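Note that this is a predicted model, so its numbers are computed, not measured.
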There are 2 protein chains.
Amino acid sequence: MSAERRLEGEAGSAQERLRDHLSARNLRLTPERLLVLEGVLTREGHFDAEELLEHLRRSNKSVSRATVYRTLDHLAEAGLVKKHHFQEGHALFEHVHGRDHHDHMVCDRCGRVIEFVNDKIEALQEEVCREHDFRELRHVHQIFGICSACQAVEKRAPNASPHHSGHA
Amino acid sequence: MSAERRLEGEAGSAQERLRDHLSARNLRLTPERLLVLEGVLTREGHFDAEELLEHLRRSNKSVSRATVYRTLDHLAEAGLVKKHHFQEGHALFEHVHGRDHHDHMVCDRCGRVIEFVNDKIEALQEEVCREHDFRELRHVHQIFGICSACQAVEKRAPNASPHHSGHA
DNA sequence: ATTCCTCTTGAGACTGAGTCTCAATTTCAG
DNA sequence: CTGAAATTGAGACTCAGTCTCAAGAGGAAT
Ligand SMILES: [Zn+2]
Ligand SMILES: [Zn+2]
Ligand SMILES: [Zn+2]
Ligand SMILES: [Zn+2]
């Protein structure tokens, strides 16, 4: 299974990174934290904490809710996952270990997520921060609108929408 | 007082816009909704719902919590305010009637909000959308990090934070 | 192995923003 | 006026996330 392979392929260095992050703070790499890391690495796209918790329970790798939340924060600090507050009352995570930075376009109709990177925008952002003596730690850049497919559908049937399943 | 003047100066058209928005949906422009609108227009910068509620109570223009939240959503739909989810569990509003578009930098330490506009970034965004045949309706561009003041504090006392009262 | 100190865990209580319910009230078109 | 439909407020409720704290590791030093 590809998730398993991915885990094997990358787990070594992700674990290493987590271990380094923790030990630098006199924290310990516990079995529970490893279970959460493993769970995170096998999730695709954007997921929330409860979803991860449920996934761990189903796979008989149960970890308490408190530990999941606590560990996700550690992983975020270690730069292994990103935590987004896209909508209210619902933080979403994505694992970013070994992935390049990217931003998102989100279709209001079907929910499709398109990733994009634009080096010029990234550079201009840095410039803006410099101008304000602001030390950037991260950014959220999302463009909402209607994707190509939904525009086509609208043109032909001004009502229906090609319901794109699950968040990407 | 400038807040009063501002209110008089703009209230007419803001009310008008709200009335139009509501009547188009068979909703009513009630005294309560007007109180909330008035409160919103006199707030500076970014504020949260509880702050507004408290403000209304202090000015003897009390409106229930439910109505404040409900009305803020109407105002957002009418394009009179913007609702931001900078941090989790804490929506911030700003009134945008008659204001130009801008994006935000948010300090992780003290919560200060700095507004910025960069025409080049805006243009590049349009370009990215064109490339993907994506029709933009709106965007969220937030840069998180450490503001100038908090950087200074950190340098001198690596712990404390200049708890910035009331978000800017 | 034993000690000792610190970190970690999990169950569940708790918090706080925001929503919902519903009876009483207001609005407004007819 | 009158009545249907919208609105309100008090407070119960939800839900994500945090906190508490007693019990359970980890691990360094002896
Ligand atoms: Zn970016
Ligand atoms: Zn779409
Ligand atoms: Zn912008
Ligand atoms: Zn600051």
Side-chain angles (χ1 to χ4, degrees), chain A residues 15 18-40 46-57 60-78 81 83-93 167, chain B residues 15 18-40 46-57 60-78 81-93 108 111 166-167:
Chain A
Q15 266 189 37
L18 178 57
R19 182 175 31 66
D20 292 352
H21 171 82
L22 292 172
S23 69
R25 288 165 181 69
N26 267 343
L27 303 179
R28 292 161 191 168
L29 185 54
T30 65
E32 288 82 2
R33 286 175 181 163
L34 278 176
L35 286 177
V36 174
L37 174 61
E38 187 187 316
V40 161
H46 300 80
F47 58 91
D48 61 38
E50 296 295 322
E51 191 179 325
L52 175 60
L53 180 62
E54 193 45 45
H55 166 74
L56 290 170
R57 283 189 176 144
N60 255 358
K61 297 176 174 173
S62 199
V63 166
S64 77
R65 164 174 285 101
T67 296
V68 167
Y69 278 97
R70 287 186 291 226
T71 304
L72 280 170
D73 283 342
H74 285 129
L75 294 179
E77 279 165 25
V81 310
K83 181 178 187 175
H84 298 289
H85 307 291
F86 293 159
Q87 326 147 227
E88 87 178 64
H90 205 140
L92 289 189
F93 299 82
H167 18 230
Chain B
Q15 266 189 37
L18 178 57
R19 182 174 32 68
D20 292 352
H21 172 83
L22 292 173
S23 69
R25 290 164 179 69
N26 266 344
L27 304 179
R28 291 161 189 170
L29 186 55
T30 65
E32 288 82 3
R33 285 174 179 165
L34 278 176
L35 286 177
V36 174
L37 174 60
E38 186 186 317
V40 162
H46 301 78
F47 57 91
D48 60 36
E50 296 296 323
E51 193 179 323
L52 175 60
L53 180 63
E54 193 45 46
H55 166 74
L56 290 169
R57 282 188 177 145
N60 255 356
K61 297 177 173 173
S62 199
V63 166
S64 76
R65 165 174 285 103
T67 296
V68 167
Y69 278 97
R70 287 185 290 226
T71 304
L72 281 171
D73 283 342
H74 284 129
L75 295 178
E77 278 167 25
V81 310
K82 265 196 178 140
K83 181 177 188 175
H84 300 288
H85 306 290
F86 293 142
Q87 324 150 226
E88 85 177 66
H90 204 138
L92 290 189
F93 299 83
D108 276 344
H167 346 249

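Residues passing the salt bridge (Lys or Arg N to Asp or Glu O under 4.0 Å) test with A:K83, sequence neighbours excluded: A:D73, B:E88. Not counting sequence neighbours, the partners of B:E50 by the salt bridge (Lys or Arg N to Asp or Glu O under 4.0 Å) test are B:R65. Shown here are the ring-ring contact (aromatic ring centres under 6.0 Å, His included) partners of B:H84, two or more places apart in sequence or in another chain: B:H46, B:F86, B:H104.
The CZ-P distance, from B:R33 to C:dT26, rounds to 15 Å in whole Å. Following rounding to the nearest Å, B:L22 (CG) and C:dT27 (C1') show an atom-to-atom distance of 13 Å. A straight line from NE2 of A:H74 to P of C:dC7 spans 11 Å, rounded to a whole angstrom. A:L53 has its CG atom 10 Å from the P atom of C:dG10, to the nearest Å. Taking atom CG on A:L34 and atom P on D:dA25, their separation rounds to 16 Å, with Å as the unit.
Residues A:L72 and A:F93 are in side-chain contact: their nearest non-hydrogen atoms beyond the backbone lie under 4.5 Å apart.
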Return a table of donor-acceptor pairs under 3.5 angstrom between the side chains of residues 25-32 of chain A and protein atoms on other chains or two or more places apart.
| residue | atom | partner | partner atom | Å |
| --- | --- | --- | --- | --- |
| A:R25 | NH1 | A:H21 | O | 2.8 |
| A:R25 | NH1 | A:H21 | ND1 | 3.2 |
| A:T30 | OG1 | A:R33 | N | 3.2 |

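What you find for B:V68 and B:L52 is that their closest heavy atoms are CG1-CD2, 4.1 Å. Minimum interatomic distance between B:H90 and B:D48 (heavy atoms only, all atoms of both residues): NE2-OD2, 2.7 Å.
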N/O contacts under 3.5 Å, protein versus nucleotides 16-19 of chain D?
| residue | atom | partner | partner atom | Å |
| --- | --- | --- | --- | --- |
| D:dG17 | OP1 | A:A91 | N | 3.1 |
| D:dG17 | OP2 | A:Y69 | OH | 2.9 |

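For the segment residues 24-32 of chain B, residues with any heavy atom less than 4.0 angstrom from an atom of DNA chain C are, sorted by number, B:R28, B:P31.
Applying the 4.0 Å criterion to OP1 and OP2 of D:dA10, one finds that B:S64 has every side-chain N and O outside that range.
Atoms CG and CD, on A:D20 and A:Q15 in that order, are 11.5 Å from each other to the nearest 0.5 Å.
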